[in-house]
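Treat the numbers as computed from the prediction; the structure is a model and nothing was measured. Order of the sequence lines sets the chain letters (A, B, ...), proteins ahead of strands, with each chain counted from 1.
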2 protein chains.
Amino acid sequence: MKSDKISELTTNRMSIYLRCLNELADEGIRTVSSEKIAKRFHLNSAQIRKDLAYFGEFGVRGVGYYVEELRTHLRKILGLNKEHCVAIIGAGRLGTALTDYYGFSQTNFSVAALFDADQSKIGQKVGEVEIFDIKDFAEVAERDKIDVVVIAVPAEFAQSVLEQVTNAGIKAVMNFAPSPLKVDENVKLKTIDLTTSLESLSYFLAQPAAKNGRK
Amino acid sequence: MKSDKISELTTNRMSIYLRCLNELADEGIRTVSSEKIAKRFHLNSAQIRKDLAYFGEFGVRGVGYYVEELRTHLRKILGLNKEHCVAIIGAGRLGTALTDYYGFSQTNFSVAALFDADQSKIGQKVGEVEIFDIKDFAEVAERDKIDVVVIAVPAEFAQSVLEQVTNAGIKAVMNFAPSPLKVDENVKLKTIDLTTSLESLSYFLAQPAAKNGRK
DNA sequence: TGTATAATGTGAAAAAGTTCTCAAACCAAT
DNA sequence: ATTGGTTTGAGAACTTTTTCACATTATACA
């Protein structure tokens, strides 16, 4: 274990491993080898071992990993041993859909508040979640202990929203706006760029190899 | 130019470059250097040049790139010189939100159809887009020339939906289900895993360095 | 025409990420 | 105990990706 600087590729995989272990645990499996995980979930066993080893010696040689024990470690590592409160900025189609999506899921994330600039929306509710004026973000975020923000506003507003929430002390932001955002290095920004993803599919279809969409 | 095998990292960036060029073009800028693009959009100029050079010699030494010309090249490379018809499987919150999201945008992608298994939804419309029975996918996809599919169904149904659409000849799939899917190698699958993204933010918050969400 | 400045395209170096390999450690059975 | 079969953890080897450095080509202006 020498958790010097762990790459995002590794931490993303940790999340995947946790999901795999949850499935194994549900089936009552008590121990599992990296090889078995790899086979079943189409992963690479050496990579699983290497990733896990960054964080500690969780396995037992000749045996493998104890499923419950490893789950506990992974949850701890991923900071899932505490609740996270999410605010979504932008109460449009995407923002409201995400409100439900996350609220639904039995994870450690719960959507505590929605924000918008459109006065006609403010005060309304999406399920249990109230829509607040974006102007009041700092105040509401403080009160509701928001620690994660999702940006679901049009591209042209994304940068200013980002600045507003980081100024209010938010350190983790997930951005859906197709816009290149500049952010302080002590803040973690994760951009999910649907346009780029779609265009990357389009690129694939345009290659001669992919004999195109319809057969 | 030696487009042997271009990495997905490169093609994703091509999409970003196109977006940057669109912005420059809107401002009436005619030529631009890789250095100027890099400065303005927080990118790396060497990488821009290297990425572009995989596809051809688009620049002029001492001058830079002609904005309009490069845009045309990028659109062609990304297969954006033709319309793409998208089908979304799963008419839940996320699926319907995406229907609007893409429909809205002035891109080359238009959502032609929604699919669901829930009989009560079939026949209804989301905006202009009708909801069909997933059983009829092959038929409707053929008729509407669907070439891209978005999977927005619960994780447990994702694999079977994927198989159904690839059997119908679909070659490009974007998946929102947090599920490790197995796919034929002549099909391009792009998974957007919101759970993993959130947990990666959670990991960051759990690090001592990030002195946590609320200040 | 010649000189100075600008900026590409590319080979080489560096950095980052993945896979291989195997000694060490564990378990079960004799 | 000893042997044989497993499986981890980690160094080494390999692959991929990014960054550097600069020869080459273009423009502008004296």
Side-chain angles (χ1 to χ4, degrees), chain A residues 1-17 20-21 24 29-71 73-74 77 180 196 200 203, chain B residues 1-17 20-21 24 29-71 73-74 77 180 196 200 203:
Chain A
M1 149 128 142
K2 17 71 188 302
S3 60
D4 222 352
K5 193 59 177 51
I6 280 128
S7 102
E8 182 147 348
L9 295 168
T10 295
T11 59
N12 286 347
R13 284 190 299 260
M14 297 299 271
S15 165
I16 303 287
Y17 300 155
C20 297
L21 287 166
L24 295 172
I29 293 165
R30 312 292 286 272
T31 70
V32 70
S33 70
S34 58
E35 191 57 40
K36 290 228 185 70
I37 301 174
K39 277 270 166 51
R40 171 153 172 181
F41 299 101
H42 320 302
L43 304 168
N44 176 300
S45 66
Q47 187 156 65
I48 294 170
R49 294 200 299 278
K50 181 135 279 198
D51 284 339
L52 294 176
Y54 282 127
F55 297 95
E57 304 202 1
F58 303 135
V60 180
R61 290 166 197 226
V63 178
Y65 300 89
Y66 293 104
V67 173
E68 274 309 328
E69 191 192 310
L70 187 52
R71 279 176 83 196
H73 280 302
L74 287 178
I77 291 165
T196 291
S200 146
Y203 169 80
Chain B
M1 146 124 143
K2 19 67 188 298
S3 61
D4 222 351
K5 192 58 174 51
I6 280 129
S7 101
E8 183 147 349
L9 295 167
T10 296
T11 59
N12 286 347
R13 284 191 298 262
M14 296 299 272
S15 165
I16 304 286
Y17 301 155
C20 298
L21 287 165
L24 295 171
I29 293 166
R30 312 291 287 273
T31 70
V32 69
S33 70
S34 58
E35 191 59 38
K36 291 229 185 69
I37 301 175
K39 276 269 165 52
R40 169 153 175 182
F41 300 100
H42 322 301
L43 304 169
N44 176 301
S45 66
Q47 187 158 64
I48 294 170
R49 294 199 300 278
K50 182 137 277 199
D51 285 338
L52 294 177
Y54 283 126
F55 297 95
E57 304 203 0
F58 303 136
V60 180
R61 289 164 199 229
V63 178
Y65 301 91
Y66 293 102
V67 174
E68 274 308 328
E69 191 191 310
L70 187 51
R71 279 177 84 197
H73 281 300
L74 287 178
I77 290 165
T196 291
S200 144
Y203 169 80

(message) What does the B/S/- profile of nucleotides 23-30 of chain D look like, 5' to 3', with a 4.0 Å heavy-atom cutoff to protein?
(response) BBBSS---
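Rounded to an integer number of Å, the gap from CG of B/L70 to C1' of C/dT8 is 13 Å. One interatomic measurement links the two molecules: CD of A/E35 to P of C/dT21, which rounds to 14 Å at whole-angstrom precision. When rounded to the nearest whole Å, the span between NZ of A/K5 and C1' of C/dA15 equals 14 Å. Separating the CD atom of B/E69 from the P atom of C/dT8 is a distance of 13 Å, rounded to the nearest angstrom. The nearest whole Å value for the distance from the CZ atom in A/F55 to the C1' atom in D/dA10 is 16 Å. In this structure, the CG atom of B/N12 is 14 Å from the C1' atom of D/dT17, given to the nearest Å. Here C/dT19 presents its P atom at 10 Å from CG of A/D51, a figure rounded to the nearest Å. The NZ-C1' distance, from B/K36 to C/dA6, rounds to 9 Å in whole Å.
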Please tabulate, for the side chains in residues 58-66 of chain A, all donor-acceptor contacts under 3.5 angstrom to protein atoms that are two or more places apart in sequence or on a different chain.
none

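Atom CG of B/D51 is separated from atom CG of B/L43 by 9.5 Å, given to the nearest 0.5 angstrom. Separating the NE2 atom in A/H42 from the SG atom in A/C20 is a distance of 10.0 Å, to the nearest 0.5 Å. The distance from atom CD1 of B/I6 to atom OH of A/Y203, rounded to the nearest 0.5 Å, is 4.0 Å. Atoms CZ and CG, from B/R40 and B/L24 in turn, are 5.0 Å apart once rounded to the nearest 0.5 Å.
With sequence neighbours left out, A/E68 forms a salt bridge (charged side-chain N to carboxylate O under 4.0 Å, His left out) with A/R71. Applying the side chain to side chain contact (heavy atoms under 4.5 Å, CB included) rule to A/L9 yields the partners A/S7, A/R13; only residues at least two apart in sequence or on another chain are considered. Residues passing the side chain to side chain contact (heavy atoms under 4.5 Å, CB included) test with A/S45, sequence neighbours excluded: A/S34, A/E35, A/A38, A/R49.
Distances shown here put a side-chain N or O of B/S34 below 4.0 Å from the OP1 or OP2 atom of C/dT8. Under 4.0 angstrom from either OP1 or OP2 of C/dG17 there lies no side-chain N or O belonging to A/R13.
Within the 4.0 angstrom heavy-atom criterion, only backbone atoms of the sugar-phosphate kind lie near B/S7; the bases stay farther away. Among the protein residues, B/L9 comes within range of the sugar-phosphate backbone only, with heavy atoms under 4.0 Å from sugar or phosphate atoms but none that close to a base.
Taking only distance into account, the side chain of A/K50 never meets the base of C/dG17 through a donor-acceptor pair shorter than 3.5 Å.
Scanning residues 38-49 of chain A for heavy-atom distances under 4.0 Å to DNA chain C yields A/N44, A/A46, A/Q47, A/R49.
Within a 6.0 Å radius of CZ in B/R30, no more than 12 heavy atoms belonging to other residues, nucleotides or ligands are found.
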